[in-house]
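Notes for the one structure printed next.
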Amino acid sequence: MPGMKIGEVAGLAGVPASTIRYYERIDLLPEPKRIGGQRVYQPEVVEDLEVIGMAQELGFTLDEIRTLLNSFRSGEGPNQVCREMAEDKLEELGELVDKAIKMKRILEHGLTCTCTSLQGCYVAQRGSTS
């Protein structure tokens with residue numbers, strides 16, 4: 001496959017081309033090959049960009065994302081630093097999932113409740129799931 005130009009990658013990943021260039025500068029993405037001075041990307045860069053975006057949405061720092069991606073790219077598997085960070089992040093994500101589930105239940109209850117205040121609705125919702 002001849003590869004994709006930066007505009008194609010940006011369109012597929014839903015990010016500006018400037019973001020892709022920035023990620024290359026800070027070592028989140030490897031420098032692509034160049035043909036005639038133009039960057040040429042392989043399809044897997046789109047997946048990398050999706051992972052970066054998802055991780056950012058979930059509160060990962062760029063340094064944390066770099067650590068994870070570089071560990072996977074090493075071909076040696078996750079190193080100890082990566083493993084420790086992953087364990088910490090798994091705990092954080094578990095807490096985030098728990099909060100999201102609680103909020104989902106409150107919203108679901110709110111669609112059918114007749115409460116006149118959030119406090120009453122929240123208390124009624126908590127009592128119905130215990």
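Just so it is clear, the model here is predicted, and its values are computed rather than measured. FYI, side chains are in, hydrogens and waters are out, and symmetry mates aren't considered; it's all heavy atoms of this structure.
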### Summary
Residues Ala17 and Ala10: closest non-hydrogen pair is N-CB, 3.9 Å
### Query
Side chains of Glu24 and Pro32: does their closest heavy-atom pair fall under 4.5 Å?
yes
#### Entry: Rounded distance [0.5 Å steps], CG in Asp48 versus OH in Tyr23
11.5 Å
### Message
Can you confirm whether more than 12 heavy atoms, excluding those of Glu91, are under 6.0 Å from its CD atom?
### Response
no
### Task
Measure from NZ or CZ of Lys5 to the centre of the six-membered ring of Tyr41, then state whether that distance is under 6.0 Å and the direction lies within 45° of the axis.
no
### Message
Is any side-chain heavy atom of Gln56 closer than 4.5 Å to one of Thr61?
### Response
no
### Query
Are Tyr22 and Leu29 in one and the same hydrophobic cluster, where Ile, Leu, Val, Met, Phe, Trp and Tyr link if side-chain heavy atoms are under 4.5 Å apart?
yes
### Query
Which is it for Ile101 and Arg105 under the side-chain contact (heavy atoms from CB on, under 4.5 Å) test, yes or no, and what are the steps along the way?
CA-CA 6 Å; Ile101 289 170; Arg105 288 181 181 149; 3.6 Å; yes
### Query
Pairs in or reaching into residues 8-21: which pass side chain to side chain donor-acceptor pair (under 3.5 Å), with residues at least two apart or in two chains?
none
### Query
Rounded to the nearest 0.5 Å, how far apart are CZ of Arg83 and CD of Glu87?
8.5 Å
### Task
Look at the side chain of Gln38 and the backbone N and O of Ile35, then say whether any donor-acceptor pair between them is shorter than 3.5 Å.
no
### Query
Is a side-chain N or O of Arg66 found less than 3.5 angstrom from the main chain of Ile26, in a donor-acceptor match?
yes
### Query
Sequence neighbours excluded, which residues qualify as side-chain hydrogen bond (donor to acceptor under 3.5 Å, both in side chains) partners of Glu108?
Lys104
### Query
Got a second to check how far Thr67's OG1 is from Lys89's NZ, nearest 0.5 Å?
11.0 Å
### Summary
Nearest heavy-atom approach of Gln42 to Met4 is O-CE, 3.9 Å
### Task
Indicate the atoms forming the closest heavy-atom contact of Leu69 with Leu28, along with that distance.
CD1-O, 3.6 Å
### Query
Side-chain heavy atoms under 4.5 angstrom apart, residues restricted to Ile, Leu, Val, Met, Phe, Trp, Tyr: same cluster for Leu96 and Met54?
yes
### Query
Is Ile65 reachable from Leu58 through a run of hydrophobic residues whose side-chain heavy atoms are each under 4.5 Å from the next?
yes
### Message
Working to the nearest 0.5 angstrom, can you tell me the gap between Asp27 CG and Leu62 CG?
### Response
11.5 Å
### Task
Taking the side chain as every heavy atom from C-beta outward, state whether Leu68 and Phe60 have any atom pair closer than 4.5 Å.
yes
### Query
At what distance, to the nearest 0.5 angstrom, does CG of Asp88 lie from CD of Glu64?
9.0 Å
### Message
Could you check whether any side-chain heavy atom of Val81 comes within less than 4.5 Å of a side-chain heavy atom of Met85, counting everything from C-beta outward?
### Response
no
